[in-house]
Amino acid sequence: MANKLYVFAIGGTGSRVLRSLTMLLASGVKLPGRFDTVVPIIIDPDSANGDLNRTTDLLLQYQRVKQQVGNESDFFNAKMKTLISLTEENVPPIADHFIFDIEGTTNESFEEFIGYQSLSDEDRALIDLLYTKAELRSSMSVGFKGKPNIGSVVLNQIIRSREYNEFADKFDEGDAIFVISSIFGGTGAAGFPLLLKNLRSENPNIPNSHLISNSKIGAISFLPYFKISPPEDSKKHTIDHTTFIGKAQAALSYYEHAIFKNKSLNAFYYLSDNSQNNYEHNDGKAEQRNNAHFLELAGALAILDFLEDEPQLVTKDKKALEATTKEFGIKNTTRDIDFDSLGIKTYKQIASNLTRLAIVEKFLRLALEENLDSQTAWVKDGEFNREEFFSQDFYQRNLRPFLDSFYEWIEEMKNNDVSFVAIQEPDSIDSLLNMVKGKKVKSKGLFGSKSASYEKFTKELNAALKGGLPEGAKEKKFVHLVDRASNVVVNKILK
């Protein structure tokens, strides 16, 4: 029986790591062991957050593509499920999306959330000692702006939500949990220990509470890995990166007592970098849409590493018997990371898969029109003409937008102080396959000077078509076709 991994992604960092995980799974990276399904649960009070909405759009596109193509290819192999899609009930109790609804955070200030005006004079005096006037008046709809003292109060209600009960109701024996958060902000630093405490606490009012409290739980906490540029109007500067290290140190001190000594985690991952990369300052909402970062890709790899180690992890009586702590490293000190900078395990895990999806993305973006115009064999003899396939919803509204997002993700990771530059944009379609840094397709042999051209991939598509395609819908056949062709070509690129 296959099992599910529930991924709680807290705050903007959580959404960005989920974005990287989705790209890895789309490229053909497999979920280790007996797991075949990821259930992302995003916890972020800033429902208009640009990072959150970009990730949820990506997850929905992945889900729709997966529904169409099935399990016939390596691409989009793992299942991505919402809580509701785990059941066949006709009347869902919660919305069918990936976002965890936090009641009371829409268009309310913190003082409204805690009912400040209805408190006694003595209680208000105590609150005034704990929070500044600015903190009390801060809007909950844009998150906690690096204030875990606010976030801890708001997020403490998670366990009482409909979503949490839906998660608990669907939790099966053998399922596992992974939590993504940052340690230097507000939402992640506050939400992670609260969520973990609730997960490890058995509650007779919550379905499957015994299974959840004794499940295997992994987590990753991001230490500071970027800075925030000050805004033009200094009066609006509510997030100060100079406080990140101090907040991280305070949180780690708390984690030592509340998490590690309590043996709450089976595996804990740290990621950090002394980066000079600056993100623009904003207070949340659509403007918070940060470029992808290599460390977020490393965070996605931590999730896969946790699943790989899962059979050896042991939980008994709500305690992790042998908790492991891990860090991620590369082979050299370069700040321009390519595939050769990675360890052997990571190279084998992602180099071929990411390159294969990049081949497909670049071919369809740069050379598809020429193939359609010339009516090459895989177009003419197959079922993939312009009107009946490439103009339809599957390609135009799901697959093509997903591949556009993949291209954007790859390009964004190049534009950081610590950059991931493994996959390059080719100079032209005649050098399409010379896309991996440090790798050149040799011009000798059967294809001569056109060995790196898009025509090489076109010929492999034609050969794959002759080899036969699976029965079923065109969508399934098409993804299977590009899967087989890219599998041949990638070996010539990376050899």
Next on the checklist: side chain to side chain contact (heavy atoms under 4.5 Å, CB included) for Leu433 and Val489? Distances and angles first, verdict last.
Outcome noted: CA-CA 8 Å; Leu433 303 187; Val489 172; 3.4 Å; yes
Item to check | Full working for side chain to side chain contact (heavy atoms under 4.5 Å, CB included) between Leu199 and Ser213 | outcome: CA-CA 5 Å; Leu199 291 171; Ser213 62; over 6 Å; no
Next on the checklist: Show, in sequence, the C-alpha distance, side-chain angles and deciding distance for Phe268 and Ile220, and conclude whether the side chain to side chain contact (heavy atoms under 4.5 Å, CB included) test is met.
Outcome noted: CA-CA 6 Å; Phe268 195 51; Ile220 184 169; over 6 Å; no
Next on the checklist: Could you go through Val379 and Leu461, starting from their C-alpha distance and side-chain angles, then the distance that decides it, and tell me whether this counts as side chain to side chain contact (heavy atoms under 4.5 Å, CB included)?
Outcome noted: CA-CA 9 Å; Val379 174; Leu461 288 172; over 6 Å; no
Next on the checklist: Could you walk me through whether Lys326 and Asp309 satisfy the salt bridge (charged side-chain N to carboxylate O under 4.0 Å, His left out) test, starting with their C-alpha distance in whole Å, then the side-chain angles of each, then the deciding distance to 0.1 Å, before giving a yes or no?
Outcome noted: CA-CA 12 Å; Lys326 295 188 178 184; Asp309 285 353; 2.4 Å; yes
Checklist entry - Under the salt bridge (charged side-chain N to carboxylate O under 4.0 Å, His left out) criterion, do Glu383 and Lys477 qualify, and how do the steps go? => result CA-CA 9 Å; Glu383 304 174 76; Lys477 293 179 179 179; 2.7 Å; yes
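Inspection of the Asn214 and Thr315 side chains reveals no N or O donor paired with an N or O acceptor under 3.5 Å. The closest side-chain donor-acceptor pair between Asn415 and Asn291, if any, does not fall under 3.5 angstrom. Defined by atom type and a distance below 3.5 Å, a donor-acceptor pair is present between the side-chain atoms of Asn71 and Lys66. Side-chain contact annotation: Tyr269 with Asp305, donor-acceptor N/O pair under 3.5 Å present. Side chains of Arg19 and Thr22: a donor-acceptor N/O pair is absent below 3.5 angstrom, by distance only. Under 3.5 Å, the side chains of Ser431 and Asn434 contain no donor-acceptor pair of N or O atoms. Between the side chains of Ser85 and Thr82, at least one donor N or O lies within less than 3.5 Å of an accepting N or O.
Checked against the 6.0 Å centroid criterion, the rings of Phe76 and Phe402 qualify as a close aromatic pair. Residues Tyr6 and Phe8 keep their aromatic ring centres 6.0 Å or farther apart. Taking the ring centroids of Phe167 and Phe171, they lie under the 6.0 Å cut-off. The aromatic ring centres of Phe390 and Phe384 sit 6.0 Å or more apart.
One distance of note links OG1 of Thr56 with CG of Leu18; it measures 10.5 Å at 0.5 Å rounding. One distance of note links CG of Leu59 with OG of Ser15; it measures 8.5 Å at 0.5 Å rounding. In this structure, CD1 in Ile330 is found 5.5 Å from OG in Ser341, a value given to the nearest 0.5 Å. In this structure, Ile350 CD1 and Ser352 OG are separated by 11.0 Å, a value rounded to the nearest 0.5 Å.
The two residues Ser486 and Phe75 have their closest heavy-atom pair at OG-CZ, 3.6 Å. The minimum heavy-atom distance between Lys414 and Gln424, with the atom names listed, is NZ-CA, 3.6 Å. The minimum heavy-atom distance linking Leu354 with Ser27 is given by the pair CD2-OG, 3.9 Å. Contact between Asn416 and Ala292 at its shortest, heavy atoms only, is ND2-O, 2.7 Å. Contact record, Tyr347 with Leu342: N-CB, 4.2 Å, taken as the closest heavy-atom pair. Taking all atoms of both residues into account, the shortest heavy-atom contact from Asn165 to Pro207 is OD1-CD, 3.7 Å.
Residues Lys170 and Glu166 are paired through a salt bridge, judged by an N-O separation under 4.0 Å between the basic side chain and the carboxylate. A salt bridge between Lys4 and Asp36 is absent, with no side-chain N of the basic residue lying under 4.0 Å from a carboxylate O of the acidic one. Classification of Lys456 and Glu460 as a salt-bridged pair holds, one side-chain N sitting under 4.0 Å from a carboxylate O. Using a 4.0 Å cut-off between charged side-chain N and carboxylate O, Asp336 and Lys437 make no salt bridge. By the 4.0 Å N-to-carboxylate-O rule, Lys30 lies close enough to Asp74 to be salt-bridged with it. Salt-bridge formation is not detected for the pair Arg484/Glu72: no Lys NZ or Arg NE/NH1/NH2 atom is positioned less than 4.0 Å from an Asp or Glu carboxylate oxygen. Between Lys216 and Glu173 no salt bridge is recorded (no basic side-chain N to carboxylate O distance below 4.0 Å).
Under the salt bridge (Lys or Arg N to Asp or Glu O under 4.0 Å) criterion, the residue pairs touching residues 466-475 are Glu388-Lys474, with sequence neighbours excluded.
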Name each donor-acceptor pair under 3.5 Å that joins a side chain in residues 364-376 to protein atoms two or more places apart or in another chain, with its distance.
| unit_1 | atom_1 | unit_2 | atom_2 | d |
| --- | --- | --- | --- | --- |
| Arg365 | NE | Glu361 | OE2 | 2.5 |
| Arg365 | NH1 | Glu425 | OE2 | 2.8 |
| Arg365 | NH2 | Glu361 | OE1 | 3.2 |
| Arg365 | NH2 | Glu361 | OE2 | 3.4 |
| Arg365 | NH2 | Glu425 | OE1 | 3.1 |
| Arg365 | NH2 | Glu425 | OE2 | 3.2 |
| Glu369 | OE1 | Arg386 | NH1 | 2.8 |
| Glu369 | OE2 | Arg386 | NH1 | 3.4 |
| Glu370 | OE2 | Tyr454 | OH | 2.3 |
| Asn371 | OD1 | Trp378 | NE1 | 2.8 |
| Asn371 | OD1 | Thr458 | OG1 | 3.2 |
| Asn371 | ND2 | Ala367 | O | 3.1 |
| Asn371 | ND2 | Thr458 | OG1 | 3.4 |
| Asp373 | OD1 | Arg386 | NH2 | 2.8 |
| Ser374 | OG | Glu370 | O | 2.9 |
| Ser374 | OG | Asn371 | O | 3.3 |
| Gln375 | NE2 | Leu372 | O | 3.1 |

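Residue Val7 is tested with Ile41, Val39, Val38 for a side chain to side chain contact (heavy atoms under 4.5 Å, CB included); the sole match is Val38.
A 4.5 Å side-chain heavy-atom check between Met413 and Ser419 finds every atom pair outside the cut-off. The shortest distance between side-chain heavy atoms of Ser181 and Phe222 does not fall below 4.5 Å. Put simply, the side chain of Thr37 does not reach to within 4.5 Å of the side chain of Asn3, judged on heavy atoms. The closest side-chain heavy-atom distance from Asn77 to Leu31 is not below 4.5 Å. When side chains are defined from C-beta on, Leu271 does not count as touching Leu223, because their heavy atoms never get closer than 4.5 Å. Taking the side chain as every heavy atom from C-beta outward, Leu5 and Asp175 never approach each other to under 4.5 Å. Between Glu412 and Glu296 there is no side-chain heavy-atom pair separated by less than 4.5 Å. Counting heavy atoms from C-beta outward, His480 and Pro470 have side chains that approach closer than 4.5 Å.
More than 12 heavy atoms of other residues, nucleotides or ligands shown are found within 6.0 angstrom of NZ on Lys362. Surrounding NZ of Lys345 are more than 12 heavy atoms belonging to other residues, nucleotides or ligands, all under 6.0 Å away.
Ring orientation note: the planes of Trp409 and Phe406 are tilted relative to one another, at an angle of 30° to 60°. Ring planes of Phe389 and Phe394: tilted class, angle from 30 to 60°.
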